[in-house]
There are 2 protein chains.
Amino acid sequence: MQKETRKEEILRVAARLFKNKGYSAVTMRDLATEMGIKAASLYNHISSKQAILQDIVLAIAEDFTAGMHKIIEDDSNSIQKLEQIIDLHVKIAIENTDGLAALNSDWMHLESKLDYYLKLRQDYENNYRSIIESGIENKEIKAVKPDVLMFSMLSTLRSLYLWIPKKGNVNPEELSASLAQILIKGINT
Amino acid sequence: MQKETRKEEILRVAARLFKNKGYSAVTMRDLATEMGIKAASLYNHISSKQAILQDIVLAIAEDFTAGMHKIIEDDSNSIQKLEQIIDLHVKIAIENTDGLAALNSDWMHLESKLDYYLKLRQDYENNYRSIIESGIENKEIKAVKPDVLMFSMLSTLRSLYLWIPKKGNVNPEELSASLAQILIKGINT
DNA sequence: ACATAAAACTAACAACTGTTAGTTAACGAT
DNA sequence: ATCGTTAACTAACAGTTGTTAGTTTTATGT
């Protein structure tokens, strides 16, 4: 683990502020104060407020894309792939809780990078749905509506960043296992 | 159904704008333009931008509180109560999609009403968890972690406002049934 | 010790923010 | 017709916004 650059530090602090107040409500002076410098000094490291958001959000979006591609190419069954998706979300949510908050709440302010983000997201959901659909074909998954199942799982996984901070010292394996139990195996007696 | 007052119209349009850009990014001039008037004219109907958000969010929060109380007092078993909670969320999400977006994304900007909102929310979650816990005691629900189950269900239900607009003409009964199937009965073969 | 680069500073900008004051038009009831 | 109410308007305010220009301090490598 090599030392954090000043720019990375700005991105990390910005993500935390964005999480608490949202992108639009955080001013460059807020961010500068939190960094212990003046607002103008930020521009030695970053090119604009926009660019901060883009750096934060797109890095995570690309993480998800890469993770999904690995899962798709893997030769495991549908249930195992859904479990791997859970692992992916848990891992990213623990590693980058604040950035994930920005991705979930502030993606609409991406402006010039908005189309790119939406494409990544669309592709991700298409891949997700494909896994579910082929699982239903193979009788590995109950014959539910693929869209509703995807919506339900993704809602939970995308909200992880909201719950992880409330716990503190979350064990990834344990959380993944609990989620798999509930999301995949159902709760009825 | 009686005619909408000018103030209600403002709240409705504001909720739609808040949903698209977030509370902080919507200016009073944006809202006025959308209403076809000048920004200053808004103040004949509302007292401040803050008050608009508070009216929108607290009305819904109180709807949830009232719905939860009815469910708690009902003498049905835990599974039935969870189904009723699903119905409640589906109903409110369909009736007031835009307001629900504001509640979910902009509650942190409630300022003077923030504490009240957080209390309603805390009470709601406590009641929710109680239903799950007594369901587990009665063996009506599998012995999962109550918090993780509540988190999972609530994440899905709280995200409904994001998915409903993508469908269009959603049938509440049908959606409730699909959600109950997936959230309560599990997906494994 | 000195040159170079990195990173901070002060000062200022034009645009935009929520909001107020004072005024005028529209309209139903008397 | 005139009154009173409702709801629109114009003009302006004081404060905040992201960002730039120009300058000075701090750290690094030789």
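Lettering of chains follows the sequences in order, A, B, ..., and the numbering in each one begins at 1.
Rounded to whole Å, the distance from NZ on A:K38 to P on D:dG22 is 22 Å. In this structure, CZ of A:R6 is placed 11 Å from C1' of C:dA6, rounded to the nearest angstrom. Taking atom CD1 of B:I37 as the reference point, atom P of D:dT6 lies 16 Å away to the nearest angstrom. Between the P atom of C:dC16 and the NZ atom of B:K21 lies a distance of 12 Å, rounded to the nearest Å. The distance between atom CE of A:M28 and atom P of C:dA11, rounded to the nearest whole Å, is 20 Å. Going from atom NE2 of B:H45 over to atom C1' of D:dT6 covers 8 Å, rounded to whole Å. The nearest whole Å value for the distance from the CD1 atom in B:I10 to the C1' atom in C:dT19 is 15 Å. For the pair A:M35 CE and C:dA7 P, the computed distance is 11 Å after rounding to whole Å.
Taking every side-chain heavy atom of B:A40 into account, C:dA21 is the closest of D:dA8, C:dA21, D:dT17.
Summary of the strand contacts: A:R29 and A:N44 both lie near DNA chain D, and taking for each the nucleotide with the nearest heavy atom, the more 5' one is attributed to A:R29.
The pair A:K91-A:D87 does not meet the salt-bridge criterion, since no charged nitrogen lies less than 4.0 angstrom from a carboxylate oxygen. A salt bridge links B:K119 with B:D123: the distance from a Lys NZ or Arg NE/NH1/NH2 to an Asp or Glu carboxylate oxygen falls below 4.0 Å. A salt bridge links A:E174 with B:K145; the closest basic N to acidic carboxylate O contact falls under 4.0 Å. At a threshold of 4.0 Å, the pair B:R16-B:D98 does not count as salt-bridged, since none of the basic side-chain nitrogens sits closer than that to a carboxylate oxygen.
Within the 4.0 angstrom heavy-atom criterion, base atoms lie near A:S41.
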